[in-house]
Amino acid sequence: MDYLKVIGKKNLKGSVKISGAKNAALPLLAATILSSNKLNISNLPDVVDINTLLQLLEMLGATYDKNKNFLQIDSTTIDKTKATYEIVKTMRASILVLGPLLARFGHCEVSLPGGCAIGQRPVDLHLKALEQMGATIEIKNGYIEAKAPKGLQGATIVFDKITVTGTENIVMAAALADGKTTIVNAAKEPEVIQLCEIIRDAGIYIEGIGTNTITIEGSKQQLLDMKDFTIIPDRIEAGTYLCAGAITNAILKVENVEPKHLDAVLAKFEEMGFGILKDKTSITILPANKVKPVNIITTEYPGFPTDMQAQFMALATMADGMSIIDEKLFENRFMHVSELVRMGAEITVNGTTANIQGTPKKLLGTDVMATDLRASSALVLAGLVADGETNIHRIYHLDRGYDKLEKKLTALGANIIRDKEI
Ligand code: UD1
């Protein structure tokens with residue numbers, strides 16, 4: 001197992017190219033199950049979660065050729081419909097094959113994802129929606145057994161809660177269903193929008209893309225004539241590097257980004273006193289004279305993303321005063337708190353609210369444990385400003401979603417070494 005050694009207090013500067021969005025690539029790879037042709041996909045991030053989904057698609061019968069950030073995939077050869085526990089347990093987002101497999105084959109089995117470090121994360125809304133589309137669903141021996149022998153039927157789905165992968169699963173299922181599906185209270189994340197656009201470009205009528213009501217006219221199980229595409233930039237990776245600039249009070253530029261996807265995040269940097277310069281595809285963060293405390297409530301897009309909460313908590317430890325972060329989406333997403341406290345941060349948690357008393361210049365390097373993907377990056381950020389060495393263990397979490405993190409940070413001036421645990 002690898003760990004990262006971060007030697008703190010190095011000055012960062014320069015620019016970094018942002019990779020394609022993992023959370024856009026995952027549903028788009030699942031959507032290739034709906035395609036009647038081979039596809040070329042560009043700007044694929046080189047992260048473990050993508051390789052996991054490719055491995056799952058290969059187990060189902062797809063073939064692919066990956067060269068750096070370019071992928072050629074043929075999912076037309078898929079002839080199996082079981083997503084096994086062995087693979088689903090390593091990545092919850094494997095649930096994204098449920099909608100497209102069921103829509104194409106009329107049956108499938110997908111291992112039920114368990115809880116995870118950040119909370120229970122049920123998939124009840126995905127299942128209820130598919131049942132409303134005519135599927136029968138049984139949970140047997142830990143597997144979701146879904147059947148719709150005559151194909152899925154269009155339906156009106158009202159989600160009780162906004163769910164990103166739930167919306168994506170139903171968009172994909174609806175694309176091959178018989179008739180019109182309307183999703184009410186749909187997610188509006190840029191990753192959901194790209195999925196809808198790719199399906200629209202394949203000839204499916206979709207109305208309301210980017211709004212909370214999406215209507216899809218299905219193809220009656222006819223596979224889609226999908227076009228080649230390029231994955232949108234990773235807004236969370238971009239936000240994380242901007243946090244690296246902010247926490248070290250550097251001038252740092254992120255390139256290959258879509259600035260409007262980061263509006264809520266950029267507003268918080270500005271509230272904290274940092275300068276922000278934007279052009280069409282890049283954002284530069286400028287140092288603050290004094291880092292001000294901030295209040296953050298995580299919520300669905302276009303609000304402040306839960307996937308940036310841990311990184312802003314690390315940043316809030318540098319503020320002059322008390323910041324408050326309210327985590328509204330996941331009940332257990334404060335696992336990084338105890339690790340930041342071990343580094344000298346003053347943070348108290350009460351239910352879903354964390355109070356962070358800024359202690360600028362007081363973080364000390366030590367051994368810490370990564371607990372989930374974004375928590376891991378918060379520890380790297382804290383390590384960048386801590387006195388001494390921070391050893392971050394269990395960084396397989398980080399490798400799931402950050403493309404060449406230590407290489408990119410090293411190129412910006414950080415001192416980070418990857419080594420093997422003994
Ligand atoms: C996606 C993102 C993840 C991000 C999250 C919220 C991917 C691959 N992952 O996760 O990075 O943190 O959105 O922006 O895109 N819920 C239910 N029942 C369900 C589904 C969800 O109760 O059937 C609840 C969840 O427990 C959570 C909330 O709804 O409290 C939102 O979760 P959801 O949007 O579904 O998150 P994911 O799609 O899993």
Side-chain angles (χ1 to χ4, degrees), residues 20-31 45 47-50 52-53 56 88 90-99 110 112-132 137 139 144 146 157-173 183 185-196 212 231-232 234-237 239-240 261 264-265 297-312 326-336 352 371-378 397-398 400-402:
K22 165 183 90 73
N23 285 356
L26 290 171
L28 289 167
L29 287 179
V47 297
V48 170
D49 272 6
I50 296 301
T52 305
L53 189 54
L56 170 55
V88 178
T90 64
M91 186 181 69
R92 294 181 48 81
S94 311
I95 192 71
L96 284 165
V97 300
L98 176 65
V110 177
L112 197 61
C116 75
I118 65 173
Q120 273 194 354
R121 300 185 81 176
V123 289
D124 56 314
L125 301 175
H126 304 227
L127 304 187
K128 191 172 146 203
L130 290 170
E131 281 175 336
Q132 285 175 291
I137 295 198
I139 308 293
I144 302 162
I157 312 292
V158 183
F159 278 125
D160 294 343
K161 262 190 198 171
I162 298 177
T163 160
V164 174
T165 48
T167 303
E168 291 164 345
N169 242 332
I170 301 311
V171 165
M172 291 186 276
I183 308 174
N185 208 20
K188 296 186 281 194
E189 270 66 5
E191 296 77 19
V192 178
I193 294 179
Q194 183 171 33
L195 174 68
C196 290
N212 53 15
I231 311 271
I232 58 169
D234 196 316
R235 61 195 166 99
I236 306 301
E237 190 197 17
T240 304
H261 292 168
V265 171
I297 301 176
T298 66
T299 179
E300 295 86 3
Y301 189 86
F304 187 92
T306 172
D307 285 352
M308 284 302 304
Q309 179 257 107
Q311 301 89 316
F312 265 76
D326 195 358
E327 171 56 59
K328 289 281 190 215
L329 288 187
F330 294 109
E331 70 269 21
N332 197 21
R333 208 173 194 176
F334 281 144
M335 306 279 283
H336 42 284
T352 62
T371 48
D372 72 63
L373 173 56
R374 307 304 170 186
S376 319
S377 62
H397 291 292
L398 204 67
R400 282 188 36 220
Y402 284 96

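All heavy atoms count here, side chains included; hydrogens, waters and symmetry mates do not. In each ligand, atom 1 is the first atom listed, and ligand 1 is the first ligand listed.
Contact annotation: Met91 has no heavy atom less than 4.0 Å from any atom of ligand 1. At least one heavy atom of Ile162 sits under 4.0 Å from some atom of ligand 1. Heavy-atom distances between Lys161 and ligand 1 reach below 4.0 Å in at least one pair.
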Begin from the C-alpha positions of Arg333 and Asp307 and carry the test salt bridge (charged side-chain N to carboxylate O under 4.0 Å, His left out) through to its verdict.
CA-CA 10 Å; Arg333 208 173 194 176; Asp307 285 352; 2.9 Å; yes
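Minimum heavy-atom separation, Leu195 to Ala31: CD1-CB, 3.8 Å. Listed here is the closest heavy atom pair of Pro45 and Ala25: CD-CB, 4.1 Å. The shortest non-hydrogen separation linking Lys188 to Ile193 is O-CD1, 3.7 Å. Pairing each heavy atom of Ala146 with each of Leu98, the nearest pair is CB-CD1, 4.3 Å.
Each of the following atoms of ligand 1 lies closer than 4.0 Å to a heavy atom of His126: 23 (O). Interface atoms of ligand 1 facing Arg333, defined by a heavy-atom separation under 4.0 Å, are 12 (O). Each of the atoms 19 (C), 23 (O) of ligand 1 lies under 4.0 Å from some heavy atom of Val123.
Put simply, the residue from Leu96, Thr163, Thr167 that forms a side chain to side chain contact (heavy atoms under 4.5 Å, CB included) with His126 is Thr163. For the side chain to side chain contact (heavy atoms under 4.5 Å, CB included) criterion with Pro305, the lone passing option out of Leu329, Val265, Thr299, Thr298 is Val265.
At a 3.5 angstrom cut-off on N or O pairs, Val164 counts as close to ligand 1. Any N or O atom pair closer than 3.5 Å counts here, and Asp124 shares at least one such pair with ligand 1. When only interatomic distances are considered, the shortest N/O to N/O separation between Leu125 and ligand 1 falls below 3.5 Å. When only interatomic distances are considered, the shortest N/O to N/O separation between Thr306 and ligand 1 does not fall below 3.5 Å. The shortest N or O to N or O distance between Phe330 and ligand 1 is not below 3.5 Å. The N/O atoms of Lys22, backbone and side chain alike, include none that comes under 3.5 Å of an N/O atom in ligand 1. Considering backbone and side-chain N/O atoms, Thr163 comes within less than 3.5 Å of an N/O atom of ligand 1.
Using a cut-off of 4.0 Å between Lys/Arg side-chain N and Asp/Glu carboxylate O, Glu237 and Lys22 are scored as not salt-bridged.
With Gly166, Pro27, Pro122 as candidates, the residue nearest to atom 20 (C) of ligand 1 on a non-hydrogen basis is Pro122.
At a heavy-atom distance under 4.0 Å, atoms from both the backbone and the side chain of Thr165 approach ligand 1. Neither the backbone nor the side chain of Arg92 comes within 4.0 Å of ligand 1, counting heavy atoms alone.
With sequence neighbours left out, Phe312 forms a ring pair (Phe, Tyr, Trp, His ring centres under 6.0 Å) with Phe269, Phe304. Applying the side chain to side chain contact (heavy atoms under 4.5 Å, CB included) criterion to Ala375, with sequence neighbours excluded, gives His336, Thr371, Asp372.
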